[in-house]
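This is a predicted model, so every value here is computed, not measured. All chains are named by letter (A, B, ...) in the order of the sequence lines, taking the proteins before the strands, and each is independently numbered beginning at 1.
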Amino acid sequence: MIRLSGIERTFLVGSEEVHALRAVSLEIARGEYLSIMGPSGSGKSTLLNIVGLLDRPNAGIYELDERDVTALTDDELARVRREKIGFVFQFFHFVPRLTAVQNIELPMILAGIDPAERRQRLARLLAEYGLEERAGHRPDQLSGGQCQRVAIARAMSMGPTVILADEPTGNLDRHTGQEVLSVLEKVHHKGGTVVIVTHYPEIGARSHRRLRMLDGAGVADERD
Amino acid sequence: MRVVDLLNFAWQVVRGSLARTLLILLAMGIGVAAVVMVTALGEGARLYVANQFGSLGSNLIIVLPGRSETAGAMPGVLVGKTPRDLTLEDALALKRSHAVRRVAPLIIGAGDVRAGARSRESPVLGSTAELIDIRQMDMAQGSFLPEGDPRHSQPVCVIGATVASELFGTRPALGEWLRVGDRRFRVIGVLKIQGESLGSNTDEIVIVPLAAAQALFNTEALFRILVEAKSRDQIADAKADVEEIIRLRHEGERDVTVITQDAVLATFDRILNALTLTVASIAAISLAVAGILIMNVMLIAVTQRRREIGLLKALGATGRQIRLVFFTEAVLLASGGAAAGLAVGELGRSLAVQLYPAIPFQAPWWALVAAPAIALITAVLFTVAPARRAAMLDPVQALSRR
Ligand SMILES: Nc1ncnc2c1ncn2[C@@H]1O[C@H](COP(=O)(O)OP(=O)(O)O)[C@@H](O)[C@H]1O
Ligand SMILES: [Mg+2]
C-alpha cells in the first residue's frame, strides 16, 4: 500500500547540507500498526511528513496505493492528502476560533462534501470518540486528552488509508498518553493503518512493528 | 469547497477579530461615504443652478451693455471698455428679427418706497408689459403693466408680495397709491409669491413702466434687454439676429454681450461636473488608502495565521482554496465597509437636505455604483499579494514550532 524506495531528503542550512534521510526504503501494508522510533534528530518527523505528502523527497520513489506520487503537483498532492492521509500532531493544531466539531468538519469542508452527509459523519465521529459533550467547545476549553481525541476524529473524518501520528503523546501526561494511545489502537483494531512516531520504548512495545532510525537511516525493522 | 462554507469560514475570522474588522470597516466606510457625499453636494449644486436658470424663463436671451472678453463667462464677471449705452430704441429694433417673440427692456435701481406712514427700500424695475411672460411671473391680484407705447407711461405699478404686506399690511393693496422717490404710482397688481431666483427676489420688487423708471433714475441707459426666442431651435438664430441688429445700430461696433441660457447653463454644467469629478477622485484616493490598509492587515494575518494555513494544507487544502479563503475575507470586509459607507453617505445627504432644503442633494448613480465597486476592487487587488504568499507557505515549515 505504501512503498518507499531509496528516499533521500537533504536540507540546506546556511551553506551546509543536512542529510535528514539517507536511502530509506520502507513498505507498509494495509492494517499495520507501526511505530517509528529513534533519538531526536534521527529523521522520524521528516520521514512521516514525506509519507503524509506534506514534504517531497530529493530522490527516491514513493508509491501510494500503487500510484507513483513523487511527480504530482502541489494541488494534486493536496487532494490525495485530503482523501488518504489523516494527521495527528504533537501540538494538536486547531483553528483556534472554531469549535471542536467545526475543527473536525474542516477536512470534509475542504473536500466539498455536502452538508447533510457531513452532519451524519460528524454525529458518528462525536459518538465514537466520546466528544458529544465537548462538541461546542473551543480548543482552549479542552483538556490535552480531549484535544487529541478531537484531532483523531478529524483525521478519521475522511476515512483515510493511513493515520500518521507524530509524537501524539509527547505533549501529554503519562495517563492521558495511554488513553490517547488506546484510541489510536482502536482505529487499528477496526482495520485502520496506524503509524506512530515516538521515542518512548513502551509505546513501541505496544505496536506490532518497530522501525528504528539513526542519523536518517532505518537501522532495524522488527515485527512481533 | 462550497461558497457557503467559504463565507462561513471568512465570517468566523471577521467576527473573531473585532477590532481589526472595525478598523477596516471604518477605513472603507469613510472612503465610500466621502465619495457619496461629495458627489451628492456637486450634483445638488448642479441641479440647483439648472433649476434656477429654468425659473428665469425659457428660450431666454440676455443682452447686456459692454463686450465680454471671455465667451460664456457669467454676467457678473464681465470685463469691458466703457460701452455705448443700450437704449429703448435698441430694444424695440430687436423685434424686427423673425426668431424673436418678445422683448423686454430693463432698468433697475433702488428706490425709497412709501405708502402713508410706512416705507421701505426696494429694488425698482422699469420694464414693459412683455416682462411678465418672458420672466414667467404670475399675478396674485390685479393685472401687470399695461400694453402700449413704452415711451410714454402711466403712473401705475406692480408690487411683490412682501412689499404689499409690508406697506399695506392686511389691507388690500390694489388701487392704493404709493410713492417711489418723488413720484406717485397706483398699485394695479400684486405678484404671486415666487421666492428667490438667481439672487433676485421678485417678492421684494416694485415694477414700474420703463419711461417712469427712466425719469425716476434720470437715465436713458438700459440695464439689460431680455429677449425671448420663438422656440428652442431658434435661440441660435435669434442670438445672431440680435448681435447683428445691435451692431448695425451701434455703427458696426460689437459692444454688447449676448448670453443665451443654454450657453451659461452648459458652462455651469461643465464647471460643476469637473469640480464634482475632481473632488470625487480625491475622495476615491481614500479608498485606495483603505486598500493598502487591507493589504497590511492581510499580510499580518498571513504571518499570524501561519500555523492555521499550514494546518489547512495538511488537511488537504489546495493553494487555490487558501487564496479563496483570503479573498472571501477581503470581499466580506469590503462589502461591509461599502454598505456602511453608503448608509453614512445617505445619512449625510439627508442631513444636508434638512439644512438646505432648496438644494436637491442627490449622489449621481455612477457614484453610487463606482464607490462600492472601487472599494471591492481595491480590496481584492490588495489581497492578491498576501493571498499568494499564504498559498505558497510550506506546510511543514508553517506547522513547525520554529
Ligand atoms: N526544515 C528544516 N531545515 C533544516 N533542517 C531540518 C529541517 N527539518 C529537519 N531538519 C533536520 O533534519 C534532521 C531530522 O529532523 P527530524 O526529522 O525533525 O528529526 P526527529 O523528528 O527524528 O527528531 C535534523 O537534523 C533536523 O535538524
Ligand atoms: Mg520530530
Side-chain angles (χ1 to χ4, degrees), chain A residues 9 11 13 20 45-46 48-50 52-56 72-99 102-115 118 138-139 151 154-155 157-158 160 164 166-167 170-171, chain B residues 1-21 297 300-329 332-333 387-402:
Chain A
R9 182 69 171 104
F11 293 105
V13 181
S45 296
T46 306
L48 202 74
N49 288 337
I50 287 179
L53 301 172
L54 277 184
D55 197 7
R56 294 167 182 275
L72 296 185
T73 67
D74 281 355
D75 279 4
E76 285 167 334
L77 284 181
R79 272 180 219 107
V80 176
R81 191 156 63 225
R82 175 197 293 167
E83 302 293 334
K84 305 198 168 181
I85 311 286
F87 272 108
V88 177
F89 305 96
Q90 177 180 357
F91 298 106
F92 319 134
H93 292 308
F94 296 112
V95 177
R97 61 185 170 278
L98 299 182
T99 62
Q102 286 170 325
N103 269 289
I104 297 174
E105 196 179 10
L106 276 175
M108 296 188 279
I109 286 178
L110 291 170
I113 291 173
D114 81 60
R118 271 171 9 207
R138 266 196 287 279
R154 179 178 66 195
S157 65
M158 289 294 293
L164 304 174
D166 194 349
E167 313 223 17
N171 210 30
Chain B
M1 204 169 174
R2 288 151 185 275
V3 178
V4 191
D5 293 325
L6 262 176
L7 283 173
N8 197 29
F9 194 85
W11 173 244
Q12 302 271 9
V13 178
V14 166
R15 217 188 47 175
S17 34
L18 220 52
R20 189 188 77 132
T21 301
V297 163
I300 293 170
V302 172
T303 314
Q304 277 179 344
R305 280 149 66 187
R306 223 186 73 197
R307 198 90 46 81
E308 174 187 328
I309 296 162
L311 170 68
L312 290 179
K313 288 194 137 187
L315 297 181
T318 59
R320 195 181 112 88
Q321 284 177 321
I322 301 284
R323 282 197 300 274
L324 273 178
V325 162
F326 278 87
F327 281 126
T328 310
E329 198 177 319
L332 210 64
L333 286 169
R388 269 191 38 191
R389 181 182 284 198
M392 288 188 331
L393 271 186
D394 172 48
V396 176
Q397 298 270 11
L399 282 171
S400 78
R401 285 243 141 174
R402 272 168 285 202

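- Ranked by non-hydrogen atom pairs under 4.5 Å with chain B, the options Gly86(A), Ser157(A), Pro107(A), Ala155(A) are led by Pro107(A).
- For the set Gln321(B), Arg320(B), Arg305(B), the count of heavy-atom pairs under 4.5 angstrom toward chain A peaks at Gln321(B).
- Of the two parts of Gln12(B), the backbone and the side chain both hold a non-hydrogen atom closer than 4.5 Å to a non-hydrogen atom of chain A.
- Listed options Asp394(B), Val396(B), Leu315(B) were ranked by heavy-atom pairs under 4.5 angstrom with chain A; first place goes to Leu315(B).
- Note that CZ of Arg2(B) and CZ of Arg118(A) are 6.5 Å apart. Values are rounded to the nearest 0.5 Å.
- A donor-acceptor distance shorter than 3.5 angstrom exists from the side chain of Asp75(A) to the backbone of Gly319(B), with no hydrogens or angles considered.
- With a 4.5 angstrom heavy-atom cutoff, Val4(B) does not touch chain A via any of its atoms.
- Here CZ of Phe91(A) is found 11.5 Å from CG of Leu399(B). Values are rounded to the nearest 0.5 Å.
- Proximity to chain B (any heavy atom under 4.5 Å) is restricted, for Phe94(A), to the backbone atoms N, CA, C and O.
- Heavy atoms only, all atoms of each residue included: Ala78(A) and Ala317(B) are closest at CB-O, 3.5 Å.
- Under a cut-off of 6.0 angstrom, the local environment of CZ in Arg56(A) is crowded, with over 12 non-hydrogen atoms contributed by other residues, nucleotides or ligands.
- Interface remark: Leu312(B) contributes backbone and side-chain atoms alike to the contact with chain A (heavy atom separation under 4.5 Å).
- Counting all heavy atoms, side chain and backbone alike, Phe89(A) lies closest to Ala314(B) at CZ-CB, 3.9 Å.
- Across Leu54(A), Val80(A), Asp74(A), the residue that shares the most heavy-atom pairs under 4.5 angstrom with chain B is Leu54(A).
- Atom NZ of Lys313(B) and atom CG of Leu53(A) lie 13.5 Å apart (nearest 0.5 Å).
- Applying the salt bridge (Lys or Arg N to Asp or Glu O under 4.0 Å) test to Glu167(A) and every residue at least two apart in sequence or in another chain returns nothing.
- With a threshold of 4.5 angstrom between heavy atoms, Leu98(A) approaches chain B through side-chain atoms but not through N, CA, C or O.
- The distance from the CD atom of Gln102(A) to the CG atom of Asn8(B) is 7.0 Å, given to the nearest 0.5 Å.
- Applying the side chain to side chain contact (heavy atoms under 4.5 Å, CB included) criterion to Ala387(B), with sequence neighbours excluded, gives Arg323(B), Phe326(B), Phe327(B), Thr383(B).
- Taking all atoms of both residues into account, the shortest heavy-atom contact from Leu106(A) to Phe9(B) is CD2-CE1, 3.9 Å.
- Neither the backbone nor the side chain of Arg15(B) has a heavy atom closer than 4.5 Å to any heavy atom of chain A.
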